[in-house]
Amino acid sequence: MISLWRSRQARSVLFQVLAMAGLVGLVTFFGIQVVANLKVMGLSFSFAFLDFPAGYDINQTLITYDSTNTHLRALFVGLLNTALVAFFGIIVATVVGFLIGVMRLSKNFLISRIAVVYIELIRNIPVLLHILLIYGLVVNVLPHPKQALDIGFDSFLTNRGLFMPKPIFEDGASLMFYGLLLGLGLAWGFTYYAKRVQAETGKIYPVFAICTSVILLLPVLGYFLAGQPITMEISVFKTFNFHGGIVVRPEFLALWLALSMYTAAFIAEIVRGGILAVSYGQTEAAHALGIRPNRTLQLVVIPQALRVIIPPLTSQYLNLTKNSSLAIAIGYMDLVSTIGGITLNQTGRAMECMLILLSIYLMFSLLISLFMNWYNNHIKLIER
Amino acid sequence: MKLKYTLVALGMVAFGASSAVASTLDDVKAHGMLKCGISTGVPGFAFTDENGNWQGFDPAICQAVAAAVLGDSSKVEYTPTTGKTRFTTLASGEIDMLARNTTWTFSRDVDLKFTFAGVNYYDGQGFLVPSSLGVSSAKDLNGSSVCIQTGTTTELNLAEYFRLNNVSYEPVPIETNEEARANYMAGRCDVYTTDASGLAASRSTFENPSEHVILPEIISKEPLGPLVRHGDDQWADIVRWVLNVLIIADEKGVTGAQAQEVAAGPDPELDRILGTEGAYGAMLGLDRDWAVRALNANGNYGEIFAKYIGEETLVGLARGLNAQWTQGGILYAPPFR
Ligand SMILES: N[C@@H](CCC(=O)N[C@@H](CS)C(=O)NCC(=O)O)C(=O)O
């Protein structure tokens, strides 16, 4: 016994078992407590309500939905709305963030000052205020649909949202899709080939230009070959509102812009930090080897900077996704507003709805982390 | 913000000692204050006066209950709730009763486990539109944007009514009456729909009320009343009979100021209510004068109605359905015996 106690390994196993047992005990305790207290209140714990008709309408639905569908379907509508705003938010935040981050390092005084002002102004104001401010602006400043602002391309800006033409794909549109696939395949193959040629002969092809043109041209070719199979559905004004086309509602617009701008300010700082982390000697060395400045950036600085940037970037993506739950403040019908809002309220299933919400956000975060970890491993220094 | 209440409520469910077992009456007495949930603000129905105190048709019920139970109509702690937070707030025990334009429905009664103490306003859902739209019926609203408060019967009625009448619309979900007003005024929505009383109340605060019309369709029954949690019948009885007493006094034309005088008068029902005959207060767990105090708080039902939302006020509601059954309305309190 004593000797077991003295063994370091046995001790560490013992402590881990104790810690685990404690945790399990705590969780069980709360579980029992919850069930008991719900029972006292005369409530049961059940997910059966998910199968009942939701009874409420949702304005933005990516899948077909009406009030006779179930709460489960309403949940999916909310889930997709959350995913939508997170997806577009991450894209814009990344682009703007990199831009501002690089601007901040610019030797041009004006440009770097603009970046500093952007960062300090935006990130020091709570994101909720950004959301409310943009929403207030959109709803109060933009004109009523009757006096819609015509911004060209058959698009209209109103306080009910941005209305744009919607492409309708007819028969033959699949040819364009195949064109795109082929283009992607060719681009990938060419990149591979160009790399080999460069390694063997030192000859450099304009890979980027060639790839983009192939990826763009082939679908366009398909479009004409198939006899222009896309028509545009244009929004038209009728009595109250615009109908038809794509509508980007004020709620989405406000949430999307606010989240992107806010997160971009943090990403900018991460990017700046990442670039500064690559010692200047690297650049000098590249220059000494006769590598041109933009190639230096592309081949020497950015790959090394990315290694510093990716991990904190991941947590910014997670933040953006979680912050999207502030949607409820302006009535964007995301997860929190559907399952955690109306469904919860109409059914009174607070415990169940909250559990569902927690697990879905956890899942979102884990998925993003998983992807970013994969990417991080992909670009990390392969030591030889 | 809204999540806060839900989380507090969940926290209470997870950690709290089972609050529902203890008697609410004892809790209220021990605390010395009645915790009453109200709305975040609807003109006439719930608003803060110049001293920052809550007043209105709904707080008046809280005040009458506080007067009956604690002997002082000002001993009320108000918790403003939105359409969405009200039920979690009540279920978790954060408040002792809810008086907030709340419709008595099957699922709230049976599934959410609340007891409605009665009806203090018979209402129905209506539509408010700018007259400039030239709309004369709810069925003309095809393609419109509609502001609705979420977590209400309103949004369910609306979905159902428009579906059955093949009217397509864009729902614009809103949290509070004030937000709805702001969005409606900014033109985010063409229509605001909620209980007709709430529409009249909101319209009364508009700069040009005459530029807005309430459409003729009333698409639902909305019996609004105070409610408590299931499981404490004594407490439910107290709230129910305070409300009934206010209604009976209105029926008999006894004002709050007269309550004391008529206490030993010739009407035996009033004697029972006002404590000079029998021991009805004790049956509720209260003293003799509970009803006198409840009536003194803001007067009888009719006085409360006239003071806050009646035709003399800006809200300007007629008694209509809410007149006594003897006056062509459907207000009808059970006999006090
Ligand atoms: N009676 C309906 C609707 C209640 C409701 O939300 N009414 C609005 C307008 S009358 C209200 O009280 N708003 C107050 C607030 O925003 O706090 C229900 O019980 O679901």
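Every chain is numbered from 1, with letters handed out A, B, ... down the list of sequences. All figures in this text were calculated on a predicted structure; none of them were measured in a lab. The analysis underlying the following values was restricted to heavy atoms, covering all of them including side chains, and did not include hydrogens, waters or symmetry mates.
For chain B, the nearby part of A:Tyr135 is the side chain; its heavy atoms alone come within less than 4.5 Å. Looking at B:Val191, neither its backbone nor its side chain comes within 4.5 Å of chain A, counting heavy atoms on both sides. Heavy-atom distances place no part of A:Leu326 under 4.5 Å from chain B, backbone and side chain included. Heavy-atom distances place both the backbone and the side chain of B:Arg188 under 4.5 Å from chain A. B:Asn157 does not touch chain A: none of its heavy atoms, backbone or side chain, sits under 4.5 Å away. Looking at A:Thr347, the atoms closer than 4.5 Å to chain B (heavy atoms on both sides) all sit in the backbone: N, CA, C or O.
Applying the 6.0 Å contact sphere to CZ of A:Phe237 captures more than 12 heavy atoms from other residues, nucleotides or ligands.
Side chains of A:Tyr332 and A:Asn59: a donor-acceptor N/O pair is absent below 3.5 angstrom, by distance only. Side-chain atoms of B:Arg86 and B:Thr102 form a donor-acceptor pair, as typed in the model, at a separation below 3.5 Å. There is a side-chain donor-acceptor pair under 3.5 Å between B:Tyr169 and A:Asp57. Defined by atom type and a distance below 3.5 Å, a donor-acceptor pair is missing between the side-chain atoms of B:Glu178 and B:Thr40.
Contacts with chain B were tallied for A:Met333, A:Glu251, A:His144; A:Glu251 has the most, counting heavy-atom pairs under 4.5 Å. Contact tally against chain A (heavy-atom pairs below 4.5 Å) for B:Leu141, B:Val172, B:Asp140: the top residue is B:Leu141. Of the listed residues (B:Ile174, B:Thr105, B:Leu133), the greatest number of heavy-atom pairs within a distance under 4.5 Å of chain A belongs to B:Leu133. When each of B:Ala182, B:Cys189, B:Gly134 is checked for heavy-atom pairs under 4.5 Å with chain A, B:Cys189 comes out on top. Contact tally against chain A (heavy-atom pairs below 4.5 Å) for B:Ser168, B:Gly83, B:Ser107, B:Ala159: the top residue is B:Ala159.
B:Lys35 has no carboxylate O lying under 4.0 Å from a charged side-chain N of B:Glu94, or vice versa, which leaves the two without a salt bridge.
Close placement of the B:Tyr184 and B:His212 rings is indicated, their centers lying within 6.0 Å of each other.
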task: Let me see the working for B:Val228 and B:Leu98 under side chain to side chain contact (heavy atoms under 4.5 Å, CB included), right down to the final yes or no.
output: CA-CA 6 Å; B:Val228 298; B:Leu98 179 70; over 6 Å; no
